[in-house]
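This report refers to the structure that appears directly beneath it.
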Amino acid sequence: MTISALQQERANYAPKLPKALKGAVKIVEGKKTESVADQAEILKLFPNTYGMPLLTFEEGGAASTAQAFNVGVILSGGQAPGGHNVISGLFDGLKSLNPENKLYGFLGGPGGLVDGEYMELTADYVDAYRNTGGFDIIGSGRTKLEEEWQFDKGVEVCNKLGIKAIVIIGGDDSNTNACVLAEYYLQKNTGIQVIGAPKTIDGDLKNEMIETSFGFDTACKVYSELIGNIQRDANSAKKYWHFIKLMGRSASHIGLECALQTQPNITLISEEVAEKEMTLAEIVDYMAKIIAKRADNGNNFGTALIPEGLIEFIPEMKVLIDELNDLLAEGTENEKTFKSLKKKDRLEWVKGQISADSAKVFGLLPEGIAKQLTLDRDPHGNVQVSKIETEKLLIEMVEKRLAELKEAGKYKGKFSALNHFFGYEGRCAAPSNFDADYCYSLGNTAAILIGNGKTGYMASVRNTTAPADQWIAGGVPVTMMMNMERRHGHMKPVIQKALVRLDSAPFKYLASKREEWAVETAYVYPGPIQYFGPSSVCDQTTRTLQLEQGK
Ligand code: FBP
């Protein structure tokens, strides 16, 4: 296999570890924990894993005398830079507990456990993936582990392979399911432990104990490099407005972080739109006014960042999307009728099936967007927001609004816009030093939790804006992060999703600067991620983390 010169050099990179993980580890038990809300219900659903104490690792325990054991690992959901390092950190951690320990990878995501698709991860095989991006070491998938028959199949497979613990590397939903699995395995006395690791570029799996999900750092740095390059181009040619949609599903953390890194002219934050109940027309008007103001200063160019999930946060669009989700739910008579119609007749039919208000909103949308809203739902029955071209919708609507402003003598500029969508470009990038170090530490932490018989915990590494040797590793009971939420008509225990909070330091900073950035051209050009060079450049954390931790 040919590999790049960078990959060759990166293969030799030794991830930095918290001090406590460099030798034998002592586990310190903290206070008993409680779930973030709905304590009585969560306790009832998780009688065996509720209330466990926080765990912190310190230097200086006894060297391990553990008997050899086997572990299985699963990558779940969307790719995020650093996944390979969680696995190499886990592998090395297991081997240092006992060189006879074996690590198996379940192939293609959680489905691999249920279908018994696996491979043994040997030293040579793992070495080839150290410090690389992607999830291709064992593949990922979005199968949900939530049915008892799946759990029971998992026991069969684990028993066959002598596996005593499973590590699930995933987002909030996958870790919720990991906790359900841990509880079930305890209840059934299977002897199989389950440990989670916090993954997702979206940055929405974070709380008091989990400072960030891995992959967010690298993905935001890649997008910020690209945004910076576009800004340089815009500022050179001075003739285009660039509307840039950024991945992140519901939460706008990625958009916010990229804005903090690049200082664009416009940044939309979905959570703010929802809180202020802004209509689509108001958003368009807000953007058009900034464009007009810049034009008054002779600047017919600019950049606008648009979060992927925006459309679902605009109240009238949310109602419409909910109605469409119900109408077009898979397997229903309505869905069959819809699909049996000629394509040209489908939109009219939809209008006749939804409420009058929603039909009006639907009717005002450009045809392309209306069609995208009726595309197949994801496995959870939701519209696939990454497929809705919100950036194009906004360009079309802003153009119309500017024409009206021109008519009224309030706009004298020229508007020529280009659209972009950054998502897949960053999800498999070679992990930044931060993600390489953080992920390797998370993997190591998971090995220690397993070696100490823990289950129902998520590996946690904190104090992440300090140098890596001061990071604090340990375990957080997953039940501590849970609350009850309505999902598809039923109340379910889930890890609380972290959306952008308007009272958070990162958002407040953006809010204090955005008027200035709108009018002035205050662009910052971060350039590409640096893997070699001064620590002040290579080991920089996200602005979000710095601001959250008062730096
Ligand atoms: P996870 O939450 O599983 O980490 O996925 C993140 C994400 O990249 C979202 O930002 C995006 O909306 C979605 O995955 C795209 O899904 P897919 O990979 O199936 O196209």
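For ligands, and for the atoms within them, numbers begin at 1 and follow the listed sequence.
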Mark yes or no: Arg130 above the aromatic ring of Tyr13, with NZ or CZ under 6.0 Å from the six-membered ring centre and no more than 45 degrees from the axis. no
the protein heavy atom lying closest to atom 5 (O) of ligand 1 turns out to be Arg142 NH2, 3.3 Å
Run through Asp437, Asp539, Asp217 and flag the one making a side-chain contact (heavy atoms from CB on, under 4.5 Å) with Ser432. Asp217
Regarding Lys245 and the six-membered ring of Phe421, is the cationic atom NZ or CZ under 6.0 Å from the ring centre and inside 45° of its axis? yes
With heavy atoms and a 4.0 Å threshold, my read on which part of Asp202 contacts ligand 1 is side chain
Lys497 atom NZ, over 12 foreign heavy atoms within 6.0 Å: yes
Min N/O separation Gly78 to ligand 1 under 3.5 Å: yes
Given the side-chain rings of Tyr184 and Phe151, with only the six-membered ring counted for Trp, is the space between their centroids under 6.0 Å? yes
Got an N/O contact under 3.5 Å between Ser76 and ligand 1? no
Looking at Glu225 and Lys221, is there a salt bridge between them, counting it only when a charged N and a carboxylate O are closer than 4.0 Å? no
Counting heavy atoms only, which of Arg249, Arg427, Lys199 is nearest atom 8 (O) of ligand 1? Arg427
Centres of the Tyr440 and Trp471 rings: under 6.0 Å? no
Residue and atom name of the nearest protein heavy atom (relative to atom 20 (O) of ligand 1), distance in Å to one decimal: Tyr424 OH, 2.5 Å
Select one of side chain, backbone, both or neither to describe which atoms of Gln79 lie under 4.0 Å from any atom of ligand 1, heavy atoms only. neither
Are Arg10 and Tyr531 in a cation-pi contact, defined as NZ or CZ under 6.0 Å from the six-membered ring centre and within 45° of the axis? no
Quick check for you: to the nearest 0.5 Å, what is the distance between Leu545 atom CG and Thr542 atom OG1? 4.0 Å
I need the nearest protein heavy-atom contact for atom 12 (O) of ligand 1: residue, atom name and distance, please. Glu308 OE1, 2.8 Å
Does only the side chain of Phe216 get under 4.0 Å from ligand 1, or the backbone, or both, or neither? Count heavy atoms. neither
Is the shortest distance from a heavy atom of Gly171 to ligand 1 less than 4.0 Å? no
Should you measure from each heavy atom of Gly248, which atoms of ligand 1 turn up under 4.0 Å away? 10 (O)
The closest protein heavy-atom partner of atom 2 (O) of ligand 1 is Thr200 OG1, 3.4 Å
Atoms of ligand 1 close to Gly77 [distance to a heavy atom under 4.0 angstrom, numbered from 1]: 3 (O)
